[in-house]
Protein chains: 2
Amino acid sequence: MSDKLLEMETFVRVVEAGSISAAAEQMSVAKSAVSKRLSDLEARLGVQLLARTTRRLNLTDSGRAFLAQSKEILAAVDIAESTATGSRGLIQGKLRITSPLTFGLMHLNPAIREFMRLHPDVRVDIDFSDHQRDLVHGGYDLGLRIANLGDSQLAARPLTQIRRAIVASPSYFKDKALPKTPKDLLELDCLHYSGASDSRWVYISPNGQKGAIEPIARINANNGAFLRDMAIAGGGVINQPTFNIYQAICSGELITLLDDYCWQELTACIVYPKTHYLPLRVRAFIDFLTEYFDRDEPYWEREIAQAVKQ
Amino acid sequence: MSDKLLEMETFVRVVEAGSISAAAEQMSVAKSAVSKRLSDLEARLGVQLLARTTRRLNLTDSGRAFLAQSKEILAAVDIAESTATGSRGLIQGKLRITSPLTFGLMHLNPAIREFMRLHPDVRVDIDFSDHQRDLVHGGYDLGLRIANLGDSQLAARPLTQIRRAIVASPSYFKDKALPKTPKDLLELDCLHYSGASDSRWVYISPNGQKGAIEPIARINANNGAFLRDMAIAGGGVINQPTFNIYQAICSGELITLLDDYCWQELTACIVYPKTHYLPLRVRAFIDFLTEYFDRDEPYWEREIAQAVKQ
DNA sequence: TATATTGTTCTCTATCAAAGAACAATATAG
DNA sequence: CTATATTGTTCTTTGATAGAGAACAATATA
């Protein structure tokens with residue numbers, strides 16, 4: 001007898017991924033295996049669930065109904081198993097995460113190492129990318145997002161505020177005056193992050209008024225680390241989240257400009273599919289990260305504050 | 001990854017069967033396999049579901065909860081699969097039946113052969129016994145019962161009325177007078193079915209009055225075929241269901257006595273566990289049998305009626 | 001029209017589950 | 001109270017089978 005649950009799981013994944021190849025990729029098995037599971041399932045039921053050309057998959061009516069029931073069943077199994085183990089156990093399986101590139105590379109490594117130390121049976125599959133992946137479609141358990149999001153399909157758990165700062169290398173100002181107002185930035189070499197939806201640099205001035213400038217980008221790049229290193233090398237002025245530049249600020253490689261202005265903040269969030277049941281490993285990881293990135297003051301803010309004091 | 005559904009199914013069966021050995025027997029696998037499935041499941045969950053000594057099984061609290069959820073899930077899977085196939089398909093799997101001995105041997109053979117011809121993927125496991133098996137405990141899909149039952153735990157579908165007749169061999173009356181009233185039977189050699197709950201022979205007389213006699217059993221036996229053959233051989237008078245003796249009546253080997261009395265009738269029923277979902281093969285078999293044993297007039301009654309005409 | 005990508009099919013292999021015997025533990029019978 | 005039967009576990013051997021990987025067919029896209 002074949003493994004019915006595995007067949008159902010495969011079927012669901014194929015539908016959500018949109019193709020057999022993608023589902024195979026996500027499940028880390030050969031696509032021949034996925035193809036076989038699917039056709040075995042259909043043979044057993046004697047019904048075609050997916051009308052497939054080589055290029056496109058379409059749910060049949062039977063398939064649509066079976067899909068819904070399969071999801072229910074898979075969730076029920078998860079629930080049954082986790083209630084059986086109680087709170088203490090069964091944090092296991094593969095955790096599929098998508099994370100913004102720079103933030104992930106700079107701050108996720110130790111967090112994940114610690115989480116995996118706590119839960120030896122968890123494996124992790126991370127996709128670093130500044131493209132916002134479709135969680136369901138991509139088969140991700142959760143994603144990190146740095147945005148002021150209003151995504152409706154997903155549940156979101158705020159992690160911490162992301163402050164920004166305008167910084168440049170001290171050497172950059174050897175022959176230039178420090179800016180006094182945001183407008184002064186327009187005269188300088190601004191290095192801009194091209195991934196942002198808004199090409200302006202938005203601020204609140206010391207007297208509480210909102211404002212924005214549209215910097216003339218000397219360089220556009222879709223990678224924060226690149227912009228940071230360029231600024232450190234004296235390439236110009238950047239507007240970047242503090243998590244990216246705190247080390248350079250502490251070391252003095254970068255100095256903050258227009259300190260009394262408050263540059264548009266973002267929120268770091270964990271997003272995950274709004275499902276009535278969340279696998280234990282996902283819940284555990286969310287709780288862990290929430291703890292890890294102290295909501296009020298993440299460690300990079302503390303380090304900056306300390307450096308300023310000295 | 002192990003087959004979670006198979007583990008759940010095994011767990012449920014072990015609990016209902018009351019022992020690992022019995023469950024293995026019912027599932028037609030080695031008990032070592034059942035034992036392993038169970039301990040694998042517990043290991044995976046990290047929880048003991050069944051506290052087992054070598055002699056007794058006890059559900060733990062976790063086990064009790066997991067049992068209920070497992071049943072739900074297994075039923076959900078069945079439902080999902082059969083709705084997917086629609087009405088037309090997936091009548092397959094092993095049909096576990098328990099049937100009364102004589103009735104089963106005389107009348108079930110062609111019925112089951114026909115059913116299996118219609119549904120090639122069905123296998124059948126029959127237990128012939130006049131002991132009323134516990135369906136759930138014994139892991140049966142359904143049972144045939146010949147009784148005026150009021151069993152509450154089970155759902156029942158009436159098949160047909162079972163008429164009775166008092167018969168004996170013509171040769172038996174070579175030197176005896178035929179009985180005129182039930183009381184006259186007390187003077188004859190009555191051969192009694194010892195499996196009945198009631199040791200009396202109950203009747204309604206031609207004028208509509210109820211009555212009963214307590215025959216003095218010359219022979220007690222718990223097998224109807226044996227009693228029939230004994231009567232044919234001239235051993236005495238029997239009170240037996242017509243399904244058992246119709247051939248002998250038609251052939252003249254047995255003659256009916258006290259024809260104008262109506263001897264207590266029984267009802268042939270199919271009983272099955274009152275579950276919210278019935279596997280398709282079970283439903284199909286029930287429908288088939290209902291059709292097969294025409295409720296109003298089963299074929300043996302028709303044959304008797306024909307023989308009487310001639 | 002050429003190319004890339006998709007799903008299927010095939011064979012080969014490694015894995016894993018079941019069988020079956022041997023064993024340990026515990027009711028039951030005499 | 002001892003002998004026996006029955007139960008669940010453990011171990012090794014064996015067989016089935018699911019997955020890998022390549023080759024293929026079909027279809028979008030450039």
Side-chain angles (χ1 to χ4, degrees), chain A residues 1-60 63 67 92-94 123 125 137-139, chain B residues 1-60 63 67 93-94 121 123 125 137-139:
Chain A
M1 182 65 78
S2 52
D3 188 331
K4 296 180 181 181
L5 275 193
L6 184 60
E7 287 177 349
M8 287 184 173
E9 212 174 314
T10 305
F11 171 57
V12 171
R13 196 91 299 282
V14 167
V15 172
E16 291 189 338
S19 85
I20 291 183
S21 299
E25 167 75 14
Q26 290 171 19
M27 302 180 89
S28 316
V29 293
K31 60 179 178 173
S32 62
V34 173
S35 171
K36 186 153 181 303
R37 284 181 198 165
L38 211 55
S39 46
D40 283 357
L41 174 61
E42 290 180 328
R44 202 161 52 73
L45 297 180
V47 163
Q48 190 167 40
L49 301 172
L50 281 171
R52 37 195 188 281
T53 71
T54 40
R55 211 64 180 188
R56 191 142 222 87
L57 298 179
N58 271 322
L59 272 172
T60 64
L67 178 73
Q92 61 175 16
K94 184 183 281 181
R123 282 163 305 128
D125 202 337
H137 188 268
Chain B
M1 181 65 75
S2 52
D3 187 332
K4 296 180 181 181
L5 274 193
L6 184 60
E7 287 178 348
M8 287 185 173
E9 212 174 315
T10 305
F11 172 56
V12 170
R13 195 91 300 282
V14 167
V15 171
E16 291 189 338
S19 84
I20 290 182
S21 300
E25 167 75 14
Q26 290 171 18
M27 302 181 88
S28 316
V29 293
K31 60 179 179 172
S32 61
V34 172
S35 171
K36 186 152 180 306
R37 286 180 197 164
L38 211 56
S39 44
D40 283 356
L41 175 61
E42 290 180 328
R44 202 161 53 74
L45 298 180
V47 162
Q48 190 166 40
L49 300 172
L50 281 170
R52 36 194 189 281
T53 69
T54 39
R55 210 64 179 187
R56 191 141 222 87
L57 298 180
N58 272 322
L59 272 172
T60 63
L67 178 73
K94 185 183 281 180
D121 295 333
R123 282 165 304 130
D125 201 338
H137 188 268

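The shown structure was predicted, so the numbers you read here are calculated from the model rather than taken from an experiment. Proteins come first, then strands; the chains are lettered A, B, ... in the order of their sequence lines, and each starts at number 1.
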Can you find a pair of side-chain heavy atoms, one from Met27(A) and one from Arg37(A), that are under 4.5 Å apart? yes
Do Asp3(A) and Leu5(B) come within less than 4.5 Å of each other through their side chains, counting heavy atoms only? no
Can you tell me how far C1' of dA18(D) sits from CG of Leu41(A), to the nearest Å? 15 Å
Between dG8(D) (P) and Met27(B) (CE): distance, integer Å: 15 Å
Once you round it to whole Å, what is the distance between P of dA18(D) and NZ of Lys4(A)? 14 Å
Over how many whole Å does the gap from Glu25(A) atom CD to dG7(C) atom P extend? 13 Å
Treat primed atoms plus P, OP1 and OP2 as sugar-phosphate and everything else as base, then score nucleotides 8-20 of chain C 5' to 3': B for base contact with protein heavy atoms under 4.0 Å, S for sugar-phosphate contact only, - for none. BB-------SSBB
When you compare the side chain of Glu7(A) with that of Arg44(A), does any pair of heavy atoms fall below 4.5 Å? yes
For a 4.5 angstrom cut-off between non-hydrogen side-chain atoms, does Val34(A) reach Val29(A)? yes
Ring pair (Phe, Tyr, Trp, His ring centres under 6.0 Å) partners of residues 6-25 of chain A, not counting sequence neighbours, each pair once: Phe11(A)-Phe66(A)
Are any side-chain N or O atoms of Gln26(B) and backbone N or O atoms of Gly138(B), one a donor and one an acceptor, separated by less than 3.5 Å? yes
Rounded to whole Å, please give me the gap between CG in Asn58(B) and P in dG8(D). 12 Å
In terms of side-chain geometry, is the basic nitrogen of Glu42(A) or Arg52(A) positioned less than 4.0 Å from the acidic oxygen of its partner? yes
Intra- and interstrand pairs of DNA chain D - dot-bracket, Watson-Crick/G-U under 3.5 Å, | marks other strand: ||||||||||||||||||||||||||||||
Can you check whether Leu49(A) reaches Leu59(A) side chain to side chain, under 4.5 Å on heavy atoms? no
